[in-house]
Amino acid sequence: MSPLLTLVLLPLVAVECQYDRCGSLLSSEAGPGWQFYACQPQPTNMKEFMQIRVDPPGITCGNPPERFCTLENPYLCSDECDASSPDLAHPPQMMQDRERGGLITYWQTVTWSRYPQPLLANISLSWNKSLELVDDVIVTFEYGRPTIMVLEKSLDKGVTWQPYQYYADDCMEAFGMPAKQVRDLAPSNVTRVICTEQYSRWVGAKEEKNVVFEVRARFVVFAGPKLINMDALYTRMESMKGLREFFSFTNLRLRLLRPALGGTYVQRDNLQKYFYAISNIHIPARCKCNLHAAGCMLRDATLQCECDHNTSGQDCQRCSRGFKLRSWRPGSYLPTPTGTANTCEAAGNSGNCECNGHSNRCSFIDFINVVTCVSCKHNTRGHNCQYCRMGYYRNASAPLHDENVCIECNCDLKGSLNPRCDNNGFCQCKERTIGRRCDMCLPGYSRRGECVANLCNEEQLRCQNGGTCMNFQRCVCPERFTGPLCEQRICLREKDCASNSKDSNSAMSLCPFLLTLTLHLCTLPCLRVPPLW
Ligand SMILES: *[C@@H]1O[C@H](CO)[C@@H](O)[C@H](O)[C@H]1NC(C)=O
Ligand SMILES: *[C@@H]1O[C@H](CO)[C@@H](O)[C@H](O)[C@H]1NC(C)=O
Ligand SMILES: *[C@@H]1O[C@H](CO)[C@@H](O)[C@H](O)[C@H]1NC(C)=O
Ligand SMILES: *[C@@H]1O[C@H](CO)[C@@H](O)[C@H](O)[C@H]1NC(C)=O
Ligand SMILES: *[C@@H]1O[C@H](CO)[C@@H](O)[C@H](O)[C@H]1NC(C)=O
Ligand SMILES: [Ca+2]
């Protein structure tokens, strides 16, 4: 297999010539030098590179061979699908082939012979590469468009999926959603997932074959009719959260939920006219390269950005080795028309000063005669950004130029003497406080802001008489008991006191405590409380 195969590039949108170069050699008085720009690959028809999978297995017609008719000619059931005959087979590849000589080729499913069980089919399209739509996705159905279907997308190579657009002849009935059209969308809701009835109503199988996911109409919301103001769109791409992501995907999935009916009802006596047939799937998109590549190649059967600006990775999503002076950033469409490259830069190329990749500026301090790094980032400090700032410690297993070399100490504010920690991340704790972050107490103490001695617990300082220890600070006593550990009985009536007085030991012990509080009540050796009832 040839290792590199250049894509066939079709210019789809006339204005796409913008951002097609990553840099150019300019000459100036100081000699020639490179000027860098944001750049992106040309769009292409991504159907050429997609992997198609249809589910469930056996949904493709022809095995066994089957007769079918069409909605336009429902009683002439002479057409045949036979997987074993090249002329009569309708395999999935026919959705992505290049048709020659006007011959339409299409994938076709079995007929709805199992009605009223639904006729369901999934078509999963995968690229193993993040792509960006640049124009409308168009799915061409022969013999009528489905009356219910969903287009879904994945941004993570098929791990998670989300709906992209719902299609039904009655959105409320099929999905409980009001019917919308993309032209109803305003700048604030252009990324909303809608249900549309525009592509599902029966108008005749020959009249309208296409189901569209409208990209261009969404661009028009910002760029105006005929996309005359693409700068406005590029500006929005930078500023509006989720806008670029809305047009990005790695996989698409068509969930076909009900075929064309050619009318309101399903005719049970002629189910051979109900099936799905797709002749083409048009996916105008470009490789997503974070504005760091002007080209995209097929390498080992996978699309791969040809990264510039000293970036690398399938989507140019990181800085190349040795170019990590600054942290990676995507390029920017702004300022138009050339954008900003945000190139990765060689570590240590700013004069003689080595800032370990945490700064790209140095200054010379005259009176001590040293060159020092300015504005060290990533929580570093020092002439060479070689130390960690206060409140951070060095991750000994990470190289010094690593962006995450300094780890936050995260010392507990109340438990620590200061925000510093040692080389292992241990903070300096106040008395009775322990833990790496000083957020725990010695045994016998508990947190009330600082560590204070426990007044009750489940061991020696257990609450008596069924009391409950709250936060190690207070016994909540049952009725008729009081005292720090609920060890004292409260009597409510004279006779309780009288009978209690026999038990002189426990009753007497109450008195010293009561004396300080209610001397006049302590004539008896137990406490009198006015009855509650
Ligand atoms: C289509 O995919 C969805 C989501 O994975 C799944 O729930 C459903 O069963 C699939 N339908 C068919 C017919 O395979
Ligand atoms: C998908 O792309 C990744 C990244 O380029 C590559 O490592 C992997 O082998 C590809 N997988 C398939 C199935 O092609
Ligand atoms: C989008 O917003 C416009 C204007 O605020 C509103 O008229 C339209 O109904 C909204 N569309 C959807 C699908 O919510
Ligand atoms: C880094 O980028 C510069 C400018 O594009 C280029 O001249 C140089 O060859 C690149 N180096 C690497 C290793 O990609
Ligand atoms: C320290 O750096 C190593 C290597 O980069 C990393 O695996 C580890 O998770 C880091 N430790 C912490 C606590 O962040
Ligand atoms: Ca075809």
Side-chain angles (χ1 to χ4, degrees), residues 1 3-5 45-54 60-61 81 86-109 123-131 138-143 154-159 209-211 249-251 254 276-283 287-290 293 296-307 311-318 321 324 327 356-357 378-380 388 391-410 421-427 436-437:
M1 193 194 294
L4 294 180
L5 176 68
N45 191 347
M46 287 292 171
K47 82 170 180 184
E48 314 250 346
F49 305 99
M50 70 191 178
Q51 303 287 322
I52 301 187
R53 184 198 147 103
V54 297
T60 301
C61 68
C81 175
D87 291 341
L88 301 175
H90 294 280
Q93 304 83 272
M94 290 186 164
M95 291 185 265
Q96 72 185 130
D97 58 352
R98 293 192 194 181
E99 292 167 355
R100 290 172 208 281
L103 181 72
I104 294 175
T105 57
Y106 52 89
W107 167 74
Q108 186 177 324
T109 67
I123 303 165
S124 306
L125 312 173
S126 55
W127 287 267
N128 194 25
K129 168 81 188 78
S130 41
L131 307 175
I138 302 172
V139 184
T140 306
F141 286 86
E142 304 297 324
Y143 306 109
S154 170
L155 282 162
D156 51 14
K157 303 191 173 178
V159 180
K209 296 181 166 189
N210 292 338
V211 172
F249 61 99
T250 59
N251 304 52
L254 287 165
Y276 306 102
I278 295 179
S279 57
N280 193 40
I281 301 180
H282 182 64
I283 315 266
C287 288
K288 181 171 184 162
C289 301
N290 290 298
C296 190
M297 301 278 230
L298 203 55
R299 195 172 299 171
D300 301 329
T302 300
L303 288 169
Q304 156 83 47
C305 298
E306 295 188 274
C307 302
T311 60
S312 54
Q314 195 188 19
D315 304 343
C316 311
Q317 75 281 22
R318 57 173 183 263
R321 268 188 103 109
K324 297 189 177 169
S327 49
N356 289 300
H378 312 134
N379 306 307
T380 60
C388 290
Y392 293 80
Y393 69 103
R394 169 83 202 269
N395 178 346
S397 45
L400 195 49
H401 65 260
D402 194 305
E403 266 182 45
N404 301 311
V405 67
C406 293
I407 303 173
E408 196 170 1
C409 301
N410 219 346
C421 60
D422 68 11
N423 291 338
N424 297 315
F426 280 85
C427 303
R436 190 188 71 69
R437 298 180 47 224

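Just so we're clear, the structure is a prediction, and the values are computed from it rather than from any experiment. Both counts, for ligands and for their atoms, begin at 1 and track the order of listing.
Two rings, from W127 and F249, have their centers less than 6.0 Å apart.
For N290 (side chain) and D315 (main-chain N/O), a donor-acceptor pair under 3.5 Å exists by modelled atom type. The closest donor-acceptor contact from the side chain of S126 to the backbone of N251 lies at 3.5 Å or more, if one exists at all.
With a heavy-atom cut-off of 4.0 Å, Q304 does not touch ligand 2 at all. By the criterion of a heavy-atom distance under 4.0 Å, neither the backbone nor the side chain of N404 is placed next to ligand 5.
Rounding to 10°, one obtains 80° for the angle at the Ca ion (ligand 6) between O (M94) and O (S279).
K47 has no carboxylate O lying under 4.0 Å from a charged side-chain N of D97, or vice versa, which leaves the two without a salt bridge.
The closest approach between any non-hydrogen atom of K129 and ligand 2 is not below 4.0 Å.
Side-chain contact between L131 and C287 is present, with heavy atoms from C-beta onward closer than 4.5 Å.
Nearest protein heavy-atom contact of atom 8 (C) of ligand 5 is N395 ND2, 3.7 Å. Atom 1 (C) of ligand 2 has as its closest protein heavy atom N128 ND2, 1.5 Å. Nearest non-hydrogen protein atom to atom 4 (C) of ligand 5 is S397 O, 3.9 Å. Atom 13 (C) of ligand 5 has as its closest protein heavy atom I407 CD1, 3.5 Å.
Among the atoms of Y106, no N, O or S atom is found under 3.0 Å from the Ca ion (ligand 6). Checking T105 against the Ca ion (ligand 6), an N/O/S atom falls under the 3.0 Å cut-off. Residue M95 does not count as close to the Ca ion (ligand 6), with no N, O or S atom under 3.0 Å.
Looking at Y143, F141, Y276 one by one, the single match for ring pair (Phe, Tyr, Trp, His ring centres under 6.0 Å) with Y106 turns out to be Y143.
Distance check on atom 11 (N) of ligand 2: some protein heavy atom falls below the 4.0 Å cut-off.
Taking the Ca ion (ligand 6) as reference, E99 places its N/O/S atom OE2 nearest. Distances from the Ca ion (ligand 6) to each N, O or S atom of D97 single out OD1 as the nearest.
Cys pair C81 and C61 passes the test of SG atoms under 2.5 Å apart.
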Open item on the list: Show, in sequence, the C-alpha distance, side-chain angles and deciding distance for C305 and C296, and conclude whether the disulfide bond (SG atoms under 2.5 Å apart) test is met.
Closed with: CA-CA 4 Å; C305 298; C296 190; 4.9 Å; no
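Note that CD1 of I278 and CD of Q96 are 12.0 Å apart. Values are rounded to the nearest 0.5 Å.
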